[in-house]
Trainee: 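Below is the structure I would like to discuss, written out as structure tokens.
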Amino acid sequence: MVLLKEVKKRSRNILLIILAFLIFSTVMLIALTYPSYQEMMTEAEKQLLANSTTLKTEYGDIEYTVEGEGKPVLLLHGAGGGYDQGLWAGKVLFGDDYKFISVSRYGYLRSSIPDNASIESQAAAYKILLDNLSMEKVIVVGVSAGGPSATQFANDYPDRCSALILISAVSMGPAPGDQDPFYVSIIHIIQQSDYVYWLFTRFFQPVILDLMGIPTQVYETFNPEQKELAQEMLDIMHPMSQRYKGTVNDEKMIEFYTVPADNLSAPTLIIHAKDDALVTYKHAENAHNKIDQSQLVLYDTGGHGMISQMNGTRVLVKEFLSKSAY
């Protein structure tokens with residue numbers, strides 16, 4: 001009996017030591033990193049407010065920015081994004097000589113979520129924005145969860161869409177092969193804390209990228225330039241908590257979505273990676289099957305962000321647009 005009590009006492013002491021170590025480590029981590037985190041968040045929030053405008057429409061407030069000169073391109077970002085993510089993707093994909101119109105979709109940053117928000121009403125809001133900007137026809141780019149409203153806009157307003165480009169884009173409700181709901185729930189938890197997301201982007205890049213659909217084995221093949229691009233992609237989503245409502249709203253709107261193609265006439269380029277661990281390439285095949293005038297390009301590897309395939313993707317986009325009528 002005495003021996004048993006001694007064992008229990010030692011076990012309790014060991015647990016207390018471990019707990020004390022964890023608490024001390026957590027306190028030290030926060031003390032060492034929080035100033036850098038706070039500095040980055042302050043700058044990120046300052047830039048977000050300085051670089052965008054909001055337009056009130058019957059379909060809610062829509063935040064947007066316009067940058068550059070040349071052929072107009074409407075950029076529709078993915079989950080966890082905003083007008084800033086769309087603009088970043090546009091610059092990476094297109095380079096110069098384009099006028100970028102990048103929006104924050106429903107619930108992202110300063111864009112509101114109207115009652116009865118839908119893919120159709122989101123597309124209608126884009127039309128009102130383009131009317132306000134006196135832009136008749138645009139190239140439409142939908143990335144990831146931006147795919148549905150991009151396709152909807154091209155279908156509902158064919159006279160306003162000169163070409164449609166879908167990158168790792170959603171084209172239907174949840175499909176076999178999409179990221180497991182368990183991991184999606186982890187993403188949701190991370191999204192709700194700016195500090196936790198910042199920690200992951202600073203110290204656990206392969207983990208957060210894997211959750212976002214870029215497999216670890218793909219990340220391990222990145223060269224320094226690609227790793228820098230991946231870090232930019234992560235950093236552009238600060239502060240993450242301001243994008244969470246949009247992500248939740250996306251899931252609701254997309255749940256029963258299907259590609260509308262009855263009125264879609266714009267030439268369409270669909271690019272996806274077969275090892276996309278977030279949005280399976282079945283979405284790309286589905287869109288290709290439903291859009292008659294579409295061209296489908298499937299990479300064997302690249303993951304959801306297709307960063308390792310970015311050079312090839314730039315060439316594909318350039319060739320596609322050179323052949324498409326504006």
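Basis for what follows: all heavy atoms, side chains included, without hydrogens, waters or symmetry-related copies.
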Trainee: Residues in side-chain contact (heavy atoms from CB on, under 4.5 Å) with Asp210, at least two apart?
Mentor: Pro215, Thr216
Trainee: Quick one: are the ring centres of His272 and Tyr299 less than 6.0 Å apart?
Mentor: no
Trainee: Is a side-chain donor-acceptor pair under 3.5 Å present for Thr258 with Lys290?
Mentor: yes
Trainee: Residues in side-chain contact (heavy atoms from CB on, under 4.5 Å) with Ser144, at least two apart?
Mentor: Val279, His304
Trainee: Have Gln192 and Ser241 got a donor and an acceptor in their side chains that come within less than 3.5 Å?
Mentor: no
Trainee: For Tyr83, which fellow cluster members are found when Ile, Leu, Val, Met, Phe, Trp and Tyr are connected by side-chain heavy-atom distances below 4.5 angstrom, either directly or through intermediates?
Mentor: Leu48, Leu109
Trainee: With Thr280, which residues qualify under side-chain contact (heavy atoms from CB on, under 4.5 Å), at least two apart?
Mentor: Ala175, Asp178, Lys282, His283
Trainee: For Gln122 and Gln152, does a side-chain donor sit closer than 3.5 Å to a side-chain acceptor?
Mentor: no
Trainee: Would you please name every residue forming a side-chain contact (heavy atoms from CB on, under 4.5 Å) with Ser265, sequence neighbours left out?
Mentor: Pro158
Trainee: Below 4.0 angstrom, N of the basic side chain to O of the carboxylate: do Asp250 and Arg243 qualify?
Mentor: no
Trainee: Report the distance from atom CG of Leu211 to atom CG of Leu278, rounding to the nearest 0.5 Å.
Mentor: 9.5 Å
Trainee: Do Tyr126 and Ser149 have side-chain atoms, one donor and one acceptor, less than 3.5 Å apart?
Mentor: yes
Trainee: Please tabulate, for side-chain N and O atoms in residues 127-135, each donor-acceptor pair with protein atoms closer than 3.5 Å (sequence neighbours left out).
Mentor:
from   : atom 1 : to     : atom 2 : distance (Å)
Lys127 : NZ     : Asp131 : OD2    : 2.9
Asp131 : OD1    : Arg160 : NH1    : 2.8
Asp131 : OD1    : Arg160 : NH2    : 2.9

Trainee: Does the gap between the ring centers of Phe200 and Tyr197 come in under 6.0 Å?
Mentor: no
Trainee: Just verifying a value: how many Å separate Leu166 CG and Ile291 CD1, rounded to the nearest 0.5 Å?
Mentor: 6.0 Å
Trainee: For the residue pair Gln191 / Thr247, report whether a side-chain donor-acceptor contact shorter than 3.5 Å exists.
Mentor: yes
Trainee: Verify the distance criterion only: is there a donor paired with an acceptor across the side chains of Ser111 and Arg105 at less than 3.5 Å?
Mentor: no
Trainee: Is a side-chain donor-acceptor pair under 3.5 Å present for Asp235 with Gln231?
Mentor: yes
